[in-house]
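Have a look at the structure below, then the notes.
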Amino acid sequence: MTSFLLTKVRYTPRHRQRSRRPPMSHDRNMDTIKAKLAQARSVTVLTGAGISADSGVPTFRGADGLWRNFRPEELASPEAFARDPRLVWEWYNWRRGLIATKRPNPAHVALAAMERRFEHCWLITQNVDGLHRAAGSENVSEIHGNIWRVRCTGCGEVTENREVPIPILPHCGACGALLRPHIVWFGESLDPDDLERSAAALRSCQVMLIIGTSGVVYPAASFAPIAKAAGAFVVELNLDPTPNSGLVDLSLQGRAKDLVPRLLD
Ligand code: BV8
Ligand code: ZN
């Protein structure tokens, strides 16, 4: 019944907007982006939680971003960990349990393929879920860390840990001190090498793709202007408009899993 109705609706101009068929400008914009990519030797990509939403990973600012009514910023901070490390570890344990069941979606997979298609292609992600590497991307800067790594608060040793569940309040095998997630928390600086590598990729690309990020967390939120100032053609692919939408060359609204693979066909 529904599908028939839709088919019918598709052909009356007044209802066209509601039909799933993207507006003509959408296709024309997609062709423009593909033409820019066809001329590019170096492409830089910035991703956020939106690219993993189609894999079922909650975003930060979406309705599903809250945990026990705590805003992520309240838990992802050194102050929160000092105040109540058990609570913070319970939150990360919950996210690890959730992410462990998730797989890369067509957007992650398309970006891994894109890496092989360009002379230079660097992917800067704000996500700690590890899904880009799981999809086969290698040229990746995980600027906010990775949820499958832990760091000792005593000797600083960083180790891979994929235990689900992880014992709440895990301790270091070497020195016995408390372990913390090897993740960049609010108020903490990013790894200087990651910043260096990201800046080089932003300054040397002909095309920058910004995918699935609300563009409110710094320094990642300052990356698009850097690429733009260096002459790159900057494209935003996002479900909703963002503060970036006004400064990029082209902003397409839609789901990453639908839009990103189309860049390669
Ligand atoms: C620092 C790890 C030095 C934790 C994270 C300048 C101005 C103002 C504030 C600051 C500033 N400089 C520094 C700050 C402070 C702070 C900051 O930016 N605060 C914000 C809130 C204003 N920055 C820092 O503290 C950084 N450190 O700068 O150190 C310093 C320190 C103090 C003061 C000066 C300098 C460290 C920031 C890193 C924090 N750690 N993550 C963890 O994951 O557990 S940030 C975390 O939040 C994520 O990694 C990500 O970066 C951010 C969430 O944003 P998004 O990923 O974009 O997700 P969001 O849900 O918001 O949006 C999703 C988007 O996707 C939406 O637009 C939606 O429409 C779209 N979408 C949804 N579904 C889909 C989709 N799109 C496509 N397809 C779909 N299916
Ligand atoms: Zn230790």
Side-chain angles (χ1 to χ4, degrees), residues 46-67 70-81 88-89 91-96 98-99 105-108 110-111 124-131 141-159 170-192 194-195 198 209-224 236-245 251-261:
L46 173 67
T47 65
I51 198 168
S52 294
D54 296 323
S55 296
V57 180
T59 63
F60 266 69
R61 281 172 182 70
D64 55 4
L66 285 181
W67 182 78
F70 285 96
R71 281 179 322 101
E73 286 87 354
E74 289 167 305
L75 292 159
S77 72
E79 296 78 17
F81 192 68
V88 172
W89 263 120
W91 182 50
Y92 280 99
N93 189 45
W94 171 73
R95 290 172 66 190
R96 287 162 60 104
L98 202 143
I99 292 169
N105 65 62
H108 296 107
L111 289 179
I124 306 166
T125 188
Q126 300 167 77
N127 302 342
V128 299
D129 56 31
L131 291 179
S141 291
E142 295 175 313
I143 61 171
H144 293 162
N146 184 299
I147 206 163
W148 302 118
R149 288 209 198 98
V150 295
R151 180 166 86 240
C152 175
T153 59
C155 66
E157 191 187 27
V158 174
T159 48
H171 284 76
C172 172
C175 76
L178 181 62
L179 295 176
R180 57 162 280 175
H182 185 52
I183 280 181
V184 180
W185 284 333
F186 288 92
E188 295 184 325
S189 301
L190 277 58
D191 178 312
D194 284 338
L195 281 175
S198 300
L209 304 173
I210 307 171
I211 306 168
T213 183
S214 58
V216 296
V217 170
Y218 287 80
S222 68
F223 288 178
E236 177 185 60
L237 304 174
N238 211 62
L239 198 56
D240 310 296
T242 76
N244 279 323
S245 305
S251 175
L252 258 63
Q253 260 125 60
R255 291 191 167 287
K257 72 175 174 54
D258 302 328
L259 294 178
V260 181

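Numbering of ligands and ligand atoms starts at 1, following listing order.
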Strictly by salt bridge (charged side-chain N to carboxylate O under 4.0 Å, His left out), give each pair with a member in residues 175-185 just once, sequence neighbours left out.
R180-E188
Between the candidates G212, S245, S189, which shows the shortest non-hydrogen contact distance to atom 3 (C) of ligand 1?
S189
Any atom of ligand 1 sitting under 4.0 Å from a heavy atom of R95?
yes
By side chain to side chain donor-acceptor pair (under 3.5 Å), which residues pair with D54, not counting sequence neighbours?
R255
With nothing but distance in play, are any N or O atoms of A256 less than 3.5 Å from an N or O of ligand 1?
yes
So if I apply the side-chain hydrogen bond (donor to acceptor under 3.5 Å, both in side chains) rule between H182 and each of E142, R151, R149, which one comes out positive?
R151
For atom 6 (C) of ligand 1, state whether the nearest protein heavy atom is under 4.0 Å away.
yes
Any N/O pair W91/ligand 1 closer than 3.5 Å:
no
Using a 4.0 Å heavy-atom cut-off, which part of L239 comes near ligand 1: side chain, backbone, both, or neither?
both
Looking only at distances, can you tell me whether any N or O atom of F186, backbone or side chain, sits closer than 3.5 Å to an N or O atom of ligand 1?
no
Contact with ligand 1 for A107, non-hydrogen, under 4.0 angstrom
no
Please output the side-chain donor-acceptor pairs of residues 209-223 that fall under 3.5 Å, not counting sequence neighbours, one pair per line with the distance.
residue, atom, partner, partner atom, Å
T213, OG1, Q126, NE2, 3.0
T213, OG1, G215, N, 3.3
S222, OG, P219, O, 2.5

Give me the residue, atom name and distance of the protein heavy atom closest to atom 51 (O) of ligand 1.
Q126 OE1, 2.7 Å
Geometric class of the W185/F81 ring pair [parallel <30°, tilted 30-60°, perpendicular >60°]:
tilted
Close to the Zn ion (ligand 2), meaning under 2.8 Å, how many protein N, O or S atoms are there?
4
Test item, G187 contacting ligand 1 (heavy atom, 4.0 angstrom):
yes
Considering all heavy atoms, the nearest V150-R96 contact
CG1-NH1, 4.5 Å
Which ligand 1 atoms, with their elements, are less than 4.0 angstrom from a heavy-atom of V217?
18 (O), 37 (C), 45 (S), 47 (O), 51 (O), 52 (C)
Under 3.5 Å: N/O of S214 near N/O of ligand 1
yes
